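Because the structure is a prediction, the values reported are computed rather than measured. Each ligand, and each atom within it, is numbered from 1 in the order the structure gives. By convention here, the first residue in the shown sequence is residue 1.
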Amino acid sequence: MSEAKMGANGFAPELGDMSKEDFRRYGHELIDWVADYFEHIEDLPVLAQIEPGSLKAQLPENPPAQGESMSAILADIDKLIVPALTHWAHPSFYAYFATSTSAPGIFGELLSGAFDNKAMLWRTSPASTELEEVTLDWLRQMMGLDAGLSGISYDTASVSSMHAIAAAREGVAQRIREEGMSGRTDLPLLRVYASEQAHSSIDKGIITLGLGQRGLRKLPTDAEFRMDPNALSEAIAEDKRNGLLPFCVVATVGTTSTSSVDPVKEIVPICEEHAMWLHVDTAYAGSAAVVPEFRYLMEGCERADSVVTNPHKWLFTPFDLSVLYCRHMDLLRQAFSLVPEYLRTPEQEKVRSGSDYGIQLGRRFRALKLWMIIRYFGHEGLAARIREHCRLAKEFASWVAASDEWELMAPVPLSLVCFRAVPSGQDAIRLDALNEAIMHGVNATGKALLSHTKLNDKLTLRLSIGNIRTTEKQVRQVWELLNEELRVVLA
Ligand code: PLP
């Protein structure tokens, strides 16, 4: 690289970071770029229209020896990266649980990148530690959760739930932290209970904690995909008779396939009777509790031992931010705290240090973005957006219900609609293939993205509304697309 290029025109200086002039210039360019991205996002296909491996094929195999200019790097964002993106920020993204970032959240991420705090101990980031305590308590209040629950952030619900189950296991007083579980003849099989609709992250948590898949008993659900409390009671009693040690129940408010809501209120007394930990997975639906009229869905959670919710799902928070609310922070701490000499601080007895409550040492400054989001939109502003998503979902569901060619596959308590095409004269096997073809057909247009599940062995399409930019215009458009695709598939 020539001297002239170094440190100017977007090239790195010989030593140190980018010049302040270049930082301003490219920083402003990038914010403009992001503003244009949101303005024109509907011109882009929702699902990346590339073949597997095609991005890799366009990237150099080896890293550049010399720095390249920011202009060249940013040009490749347009040329290489954007075409390889599936646009979660697109207002016609309806797959999985539709989620979206928001402007104050993006600003929070930008600042968090600048601060680069590792909030492992209070002193390594007092701001992150204390802002997290306050912001998560704001969210608790907005959701109407019990004041006995204390919040701590992790990256994902998968990790939050694993930590909850680890704390529950600590509570069984079998010296598992000290002795482990393998090779022990004194330890009965520990069991966790969840419905067959529970998210696979619970299975993974169980596996990670060494409880084994045998350690998770899946319970049947009723016609509306909710855990059957009688089946739970019987399973616990049977396991106890057989010498097992039931210690935790995972209920779900807002299951992944259908957003069904387990009857937490009826599950609570069963857990209390057997002195078992109740963890409630509200990864998706917890955000809806900020809307006063949807709070009833959380009934019973006030007596839960832990509740997980994901602001990165439906609270317009850029990935990642999951919150575990826990009633027994002492047990969580007992399960994970380990302070080597090099991390000892004079104030440690007086303050909370995030690393005491989980597997990670360093922790991101996640609370900043949520704090900015809650302050910018306000509780009522957030509730209004979620309420509107639910209204749109109900409207879409009403079109499905009114049509002879489509049917609803599950109730629609919130913003997820499960449905399928049922044109006359098709047998069950044909219907599965037909619905799959409709979904792939719609997705291939690039104008919308749907995903699917299986309910009662029937392939079911899922339309999830959760994007801050989705309006009635896009929902009408996807309904038209689905009907056009049905005509194509039947032709
Ligand atoms: N729990 C439920 C009910 C979910 O729907 C999901 C994801 O969709 C998860 C847990 C896992 O979320 P995460 O990706 O944050 O681990």
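- Residue Asp281 touches ligand 1 through its side chain alone, judged by heavy-atom distances below 4.0 Å.
- If you check each of Ser158, Ser160, Ser161, Gly205 against atom 16 (O) of ligand 1, the one with the closest non-hydrogen atom is Ser158.
- Under the 4.0 angstrom criterion for non-hydrogen atoms, Tyr284 is not in contact with ligand 1.
- With a 4.0 Å heavy-atom cut-off, ligand 1 is reached by the side chain of Asn310 but not by its N, CA, C or O.
- Using cut-offs of 30° and 60° for the angle between ring planes, the Tyr154 and His163 rings count as parallel.
- Residue contacts with ligand 1 for Ala283 involve side-chain atoms from C-beta outward but no N, CA, C or O (heavy atoms, distance under 4.0 Å).
- In terms of N/O distances under 3.5 Å, ligand 1 is not approached by Thr255.
- Geometric assessment of Arg352 against the ring of Tyr357 yields a positive cation-pi assignment under the 6.0 Å and 45° thresholds.
- Note: an N/O pair closer than 3.5 Å links Thr256 and ligand 1 by distance alone.
- Assignment of Ser322 to the shell around ligand 1 is not supported, since no heavy atom sits closer than 4.0 Å.
- Across the listed options His199, Gln197, Lys204, His312, His199 owns the non-hydrogen atom lying nearest to atom 11 (C) of ligand 1.
- Both the backbone and the side chain of Ala157 come within 4.0 Å of ligand 1, judged by heavy-atom distances.
- Between Lys313 and ligand 1, a contact under 3.5 Å exists for at least one N or O pair.
- Counting heavy atoms closer than 4.0 Å to ligand 1, residue Tyr96 contributes nothing at all.
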